[in-house]
Amino acid sequence: MKRWSLKVKLTVLYTFFMTLVTCFALGVLFSLSSQELLSSVQSDLRQQVEESLEDVEAEEGWLNVDNDFYDLEDSVYLSLYSEQGEFLYGRLPYGYNAGAEFMNGQIQTIRDDQEEWYIYDVSYRIEGYGTVYFRGITSVTRAENSIAITIRLAVIILPLLVILTGIIGYRFTRRTLLPVQKITETVKKIRKDEDLSQRVGLGNGKDEIYQLSETFDQMLEELEETFKREQQFTSDVSHELRTPVTVILAQCEAMLQDPVFTSGQKEQVKVIEQKARSMARMISQLLLLSRADQGRQQVQKERLNLSELTQMIAEEQEILAREKEIQVLAEIQPDIYAQADESLYIRMLDNLISNAVNYGKKGGYVKVLLLEKENMVKGVVEDNGKGIPQESLPRIWERFYRVDTSRTDQEHSGLGLSMVKWIVQAHGGEITVESQEGQGSRFIFQIPED
Ligand code: ADP
C-alpha cells in the first residue's frame with residue numbers, strides 16, 4: 001500500500017466503498033422486493049379467484065361458465081371442482097401434479113416434484129346446482145425466478161459498474177492530481193538544472209491544489225530573489241577585493257626589490273605576498289563562479305590548438321613541480337583542435353595539474369595525457385599522490401569542500417574543482433574522477449571538438 005501512488009489509493013478506496021454501499025443497497029432492495037412480490041402474487045391470486053365467482057351460474061341443473069372465466073392473467077390458473085373434489089372444469093398449469101386438499105378461503109403453499117405453488121380455494125354455493133370449489137393456482141417458483149433473473153443480472157452488471165467507476169474515478173483523480181505531479185516535476189527540474197527560475201505556473205484555479213502551487217511559485221520567486229541578491233553580493237565583494245589585493249601584491253614586489261629592507265624583513269614580506277597571491281586566486285575563482293551563477297561569465301570559443309596549449313601549461317607547471325621533486329610527464333597527441341575559450345581552458349588545466357602536484361607524492365609523477373577520440377578531446381591528469389577517500393569523491397566538486405582541512409595548507413579554498421567542472425560543462429563536456437586513497441587520482445575530462 002505504501003508503494004501505491006495517491007491516484008491508485010484514492011481509486012481503490014472509493015471503488016471499495018462504492019461496491020460495499022451498492023451491494024448493501026441491492027441486498028436490502030432485493031429482500032424487500034422479493035417479499036413484496038410474493039405478497040402481491042398472493043393477493044392477485046385471491047382477487048382473481050374471487051372475481052371469477054360471478055362467471056359461473058346454474059342453468060337447468062347444468063353449470064354455465066362465462067367466457068370471462070378464462071380471461072385471466074397468464075400466471076393464474078382457475079379450475080372448478082365439485083364438493084367431493086371432482087374436477088369439473090378449468091385449466092391446470094402444465095406440469096402441476098400436486099394433489100392438494102381443499103381449504104376454503106386459505107392460501108396454501110404446496111411443493112410438487114418441480115415447483116412450488118400457491119393454491120387458493122373458495123367454496124361457493126351456486127343457486128340451482130349446489131356447492132362447488134373454485135381453485136386458483138399460481139406458481140411461486142416462476143415468480144421467484146423473475147427475482148432470480150434480476151439478481152443474476154445485477155451480479156453481472158455490478159462488477160461492470162465497479163470497473164467503470166474505477167476507471168472513471170482513476171481518470172478523474174489523475175486529472176485532479178495533475179497539478180501535484182506538475183509541482184513534483186518542477187521541484188525535480190529545479191534540482192536537476194539547479195535553476196530557480198522554473199515555475200509551476202498552473203494558472204488561476206480556485207481549489208486547494210491551485211492555491212498550493214501559487215504559494216509554491218511565490219516561495220520560488222522569493223528564493224530566487226534572495227539567491228540573486230546573494231550572488232550579486234558575492235560578485236560585488238570579490239570585485240571590490242580585487243583592487244586592494246592587487247595593490248598589496250604590487251607593494252610586496254616593490255618592497256622585495258627595495259634594498260632598504262633587511263633579508264629578515266623580506267622573508268616576512270614574502271609570506272604576505274604568498275598569502276595575497278592565494279587570496280587573489282580565490283577571489284578570481286569566486287568571481288568566475290558568481291558570474292557563472294548569474295549567467296554573466298562569457299565563454300569566448302575559438303578554434304584552438306589544444307595540443308600546444310596543453311603542452312605549454314604542463315611545462316609551466318613543471319617548474320613548480322620540480323620544487324616538490326615531482327616529474328610532469330606529458331603525452332600529448334599533436335594537433336588536436338577544438339572550439340574552446342583559451343583563458344578558461346588554461347585555468348581549468350592549471351587547476352587540475354596544480355592539484356595533482358599539490359596532493360602529489362614527493363618524488364612522484366604527474367601524467368598529463370591528451371588525445372582525440374570520436375570527435376571528442378579527452379584529457380587525463382593523473383598523479384600517484386595521496387588520493388581521495390571514496391566517501392569524499394562525490395563531494396570534491398562542491399564549493400569550499402576540502403577533503404581534510406588539516407591536510408591542506410591554508411592556501412587552498414576548495415573552489416578550484418567547482419570552477420573546473422563549470423568550465424568543462426560550459427564547453428559542453430564532462431569531467432570524472434577515479435581515485436584510491438594513498439595511491440593517487442586520475443581526473444578525466446572530455447570536451448567536444450566543436
Ligand atoms: P583546493 O583549492 O582545496 O585544492 P579543489 O576544489 O581544487 O580545492 O579540490 C577540492 C579537494 O579535493 C581538495 O581539498 C583536495 O582534498 C581534493 N583533491 C583535489 N585534487 C586532488 C588530487 N589530485 N589528489 C588528491 N586530492 C585532491
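In this text, all values refer to a predicted model and were calculated from it rather than measured experimentally. Counting convention: from 1, in listed order, for ligands and their atoms alike. Here, residue 1 is the first one in the sequence, and each next residue gets the next number. All heavy atoms count here, side chains included; hydrogens, waters and symmetry mates do not.
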Element-labelled atoms of ligand 1 that are located less than 4.0 Å from some non-hydrogen atom of [X]:
X      : result
Phe443 : 20 (N), 23 (N)
Ala356 : 23 (N)
Ser413 : 2 (O)
Ser441 : 22 (C), 24 (N), 25 (C)
Val403 : 14 (O), 16 (O), 17 (C)

[X]-ligand 1 polar pair, N/O distance under 3.5 Å:
X      : result
Lys386 : no
Gly414 : yes
Asp383 : yes
Ile388 : no
Arg402 : no

Please determine, by modelled atom types, if [X] and [Y] share a side-chain donor-acceptor pair under 3.5 angstrom.
X      : Y      : answer
Glu144 : Thr141 : no
Ser441 : Ser435 : yes
Gln257 : Glu253 : no

Salt bridge (charged side-chain N to carboxylate O under 4.0 Å, His left out) with Arg242: which residues, sequence neighbours excluded?
-> none
Taking side chain as C-beta onward, heavy atoms only, is Tyr345 less than 4.5 Å from Leu309?
-> yes
With side chains defined as the heavy atoms from C-beta onward, is the minimum distance between Ser343 and Asp341 less than 4.5 Å?
-> yes
Results of side chain to side chain contact (heavy atoms under 4.5 Å, CB included) for Ser40 - residues two or more places apart only | none
Option with minimal heavy-atom separation from atom 18 (N) of ligand 1, where the choices are Trp397, Phe400, Tyr359, Tyr401 | Tyr359
Between Lys228 and Glu224, is there a salt bridge with N-O shorter than 4.0 Å?
-> yes
